[in-house]
There are 2 protein chains.
Amino acid sequence: MLAETLAAIRPADPVAVAEARAHQDRLTKPRGSLGALEEIAIRLAGAAGACPPPMPAPAALAIFAADHGVHARGVTPWPQEVTVQMVANFLAGGAVANAFAAQAGVPVTVVDVGVATDLPDAPGLVKHKIGYGTADLSQGPAMTVDQAVRGLEAGITVARDLVASGARCLITGDMGIANTTASAALISVFTGKDAAEVTGRGTGIDDETHARKVAVVREALQVNELPSDMSSASEALRALAAVGGYEHAAIAGFILGGAAARVPVILDGVIAGAAALVAAALDPAVPDHCVAGHRSAEPGHAAALTHLGLRPLVELEMRLGEGTGGLLAHPMVCAAVRVMHDVATFDSAGVTEKPE
Amino acid sequence: MLAETLAAIRPADPVAVAEARAHQDRLTKPRGSLGALEEIAIRLAGAAGACPPPMPAPAALAIFAADHGVHARGVTPWPQEVTVQMVANFLAGGAVANAFAAQAGVPVTVVDVGVATDLPDAPGLVKHKIGYGTADLSQGPAMTVDQAVRGLEAGITVARDLVASGARCLITGDMGIANTTASAALISVFTGKDAAEVTGRGTGIDDETHARKVAVVREALQVNELPSDMSSASEALRALAAVGGYEHAAIAGFILGGAAARVPVILDGVIAGAAALVAAALDPAVPDHCVAGHRSAEPGHAAALTHLGLRPLVELEMRLGEGTGGLLAHPMVCAAVRVMHDVATFDSAGVTEKPE
């Protein structure tokens, strides 16, 4: 399934990109006056291979939940059971992601790819459990390469199922106490930046915990003997298995699944950024199919987005995860594309163009 | 009408602000993890005098259109008739503001407060014409103080009518070729910043035109002998009349009308920022009722927002006006408030709180 998905991914269509750029300049607005939104619409035209690109609606949010063995190292003050408690909160509709999703009219699917306990069946919950939390990445590989591939395939399956149900835009979400530690390790590996530069304070930690978190990320990179060159797919898979989480694997697969179906993927925060680095290492055309929903307060997120060549739409110092940043961005992405569909040209509206 | 409106405006309610802040900390999310959005929800609680604040929906956009005598000075390459052509485009649904409004589900009202020609009646067009374009602000006052007051009252009337029709959030929009020149002059007067610091390239001008525009703004400030202290309402009115446009007067009134009705106002770009400075000079509680929808590429806009103490939600280098930045921000403002209504508390959801 992974190989078949990778084979289906195409880079941006240069003809559609050129058409979209020319069309932007014919619309009744000063050239370039929609700033970064014009680039979003052009990007989606390239991804879809069509100008105008299809409206990225309806959208669907998938929140991938998992636990992390590295939690035992004291990298966060939050107890591990908060992961499963928040899954229950998502399923009951009580989390911020639910409020944002209701506002945006986006359905929420919660995917258990590796929380530490068994979950009762519930509407909105999909089970693709790879394990009961990862192993401690600072002691050795967090998971096997086989588990990493199963995680990727779980994400591909969720993307396929949502697209089959009519979704025309996928939004990534995550839940996993300690998952910013795994994200920092992945971002350090894939961007080549030092652990101290890409390790942040997650959902809120003090100086002492932060110093420990940086040290743990360094240990993880050393003990797993990861190479500095991540250009081969097999090395990328080994890095994902060594320092990733099940939700990182699944989100990377979810992104690949969207790209293969030519359905754009709005990335949420630092966890999605780390997962997108993995996906982009597996296929360099991946960023053409992604939109960076926001930039979180985590320093590693900015490094990941720079590496991916993506500019975030929302920059409000959010640091919640769950898909909240992606959900906030979705109406803007729709607005950017709707301009290509609805707005009159200077000719059609009889508006005088600025003399050159 | 103006005096009565000013008398009705209340500053933020400190009790509602404190309640909203405390409520944010009880919700199932790490404290402060929604970044600037938490402050928006708290601000709207203060403005409404209620926690949670009412949902800022449905919203209504009013695009105030007018022409400018200073156009004769060559401050823009766009011909003056583009103002009336774009009014026709708004009424036909073909402009970017229409596309964004359709996306956000926001109805559009176009208000003629001073375009240079008479407009035929049309659905969605409201006429409160103060004049056929202003006089050239670089030669003397752009309008009389009486006209400025009529402009303010036109904006108040539009705000009242929209609120009476059910609007629970007002979004400012503008159309007027050359109106960034008047905006720069107002912003220079009200912030005390030099003309060169606050005069930008509007919808796109070359270096030579930009230098002329800065010189014209300087002349306007000199010829109108405006004082450096704008603390009195009478001086603020005189400054508005001297260097403003009819749409600036009307938008200032629209903001006052929203504030008086305790209905929040989402400000669009630099024209709204300039108008909000006028409104805030008339009543210092005005910013409590405003949300800065975005920050445009115009340098004067940042100066205005800093002076008003407002942080913009969207920063995508847009420079179109029409209300486009305000429309993009509206779903985010709704999401921020919806969190206060919908999200579970740690207690109610049975989620373990982070140990302090």
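Letters A, B, ... are given to chains in the order of the sequence lines, protein chains preceding strands, and every chain is numbered from 1. Computed over heavy atoms, backbone and side chain alike; hydrogens, waters and symmetry mates excluded.
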Next on the checklist: Hydrogens and angles aside, do B/T83 and B/D67 bring a side-chain donor and acceptor to less than 3.5 Å of each other?
Outcome noted: yes
Checklist entry - Do you know which of A/A102, A/G325, A/S348, A/A104 has the most heavy-atom pairs under 4.5 Å to chain B? => result A/A102
Item to check | Residue B/N98 versus chain A: region with a heavy atom under 4.5 Å | outcome: neither
Checklist entry - For chain B, which of A/V82, A/T345, A/V84, A/L328 has the most heavy-atom pairs under 4.5 Å? => result A/L328
Checklist entry - Going from NE2 on B/H71 to CG on B/N179, what distance comes out if it is rounded to the nearest 0.5 angstrom? => result 11.0 Å
Item to check | Closest-packed option against chain B by number of heavy-atom pairs under 4.5 Å, given A/R319, A/E39, A/E315, A/M55 | outcome: A/R319
Checklist entry - B/T172 and B/D268: side-chain donor and acceptor closer than 3.5 Å? => result no
Checklist entry - Among A/E322, A/M318, A/H341, which residue forms the greatest number of heavy-atom pairs with chain B at distances under 4.5 Å? => result A/M318
Checklist entry - What option among A/A344, A/A297, A/A335, A/A36 has the most heavy-atom pairs under 4.5 Å with chain B? => result A/A335
Checklist outcome for this item: Highest number of heavy-atom pairs under 4.5 Å with chain A among B/G94, B/A57, B/P30, B/S33 belongs to B/S33
Checklist outcome for this item: Cut-off 4.5 Å, heavy atoms of chain A, and the answer for B/L313 is both
Next on the checklist: Quick check for you: among B/C334, B/G350, B/A97, B/A349, which has the greatest number of heavy-atom pairs under 4.5 Å with chain A?
Outcome noted: B/C334
Next on the checklist: Does this structure show an ion pair linking A/E208 with A/K213, if we count only N-O contacts that are shorter than 4.0 Å?
Outcome noted: no
Item to check | Which of A/L34, A/T324, A/L327 touches chain B most, by non-hydrogen pairs under 4.5 Å | outcome: A/L34
Item to check | Per-residue contact mode, B/V96 against chain A (heavy atom under 4.5 angstrom) | outcome: both
Next on the checklist: Looking at chain A, which one of B/V339, B/D206, B/V351 has the largest number of heavy-atom pairs inside 4.5 Å, strictly under?
Outcome noted: B/V351
Checklist entry - Given the options B/S296, B/P77, B/A88, which has more heavy-atom pairs under 4.5 Å with chain A than any of the others? => result B/P77
Item to check | Nearest-0.5 Å distance, SG of residue B/C169 to CG of residue B/L44 | outcome: 8.0 Å
Next on the checklist: Between B/R201 and B/D207, does any side-chain N to carboxylate O distance fall below 4.0 Å?
Outcome noted: yes
Next on the checklist: Looking at every non-hydrogen atom in both residues, tell me the closest pair between A/K29 and A/Q24 and how far apart they are.
Outcome noted: NZ-O, 2.9 Å
Checklist entry - In terms of heavy-atom proximity below 4.5 Å to chain A, should B/P79 be classed as side chain, backbone, both, or neither? => result side chain
Checklist entry - Are B/Q103 and B/H330 close enough that a side-chain donor and a side-chain acceptor fall under 3.5 Å? => result no
Checklist entry - Is the closest basic N to carboxylate O distance between A/R311 and B/E317 below 4.0 Å? => result yes
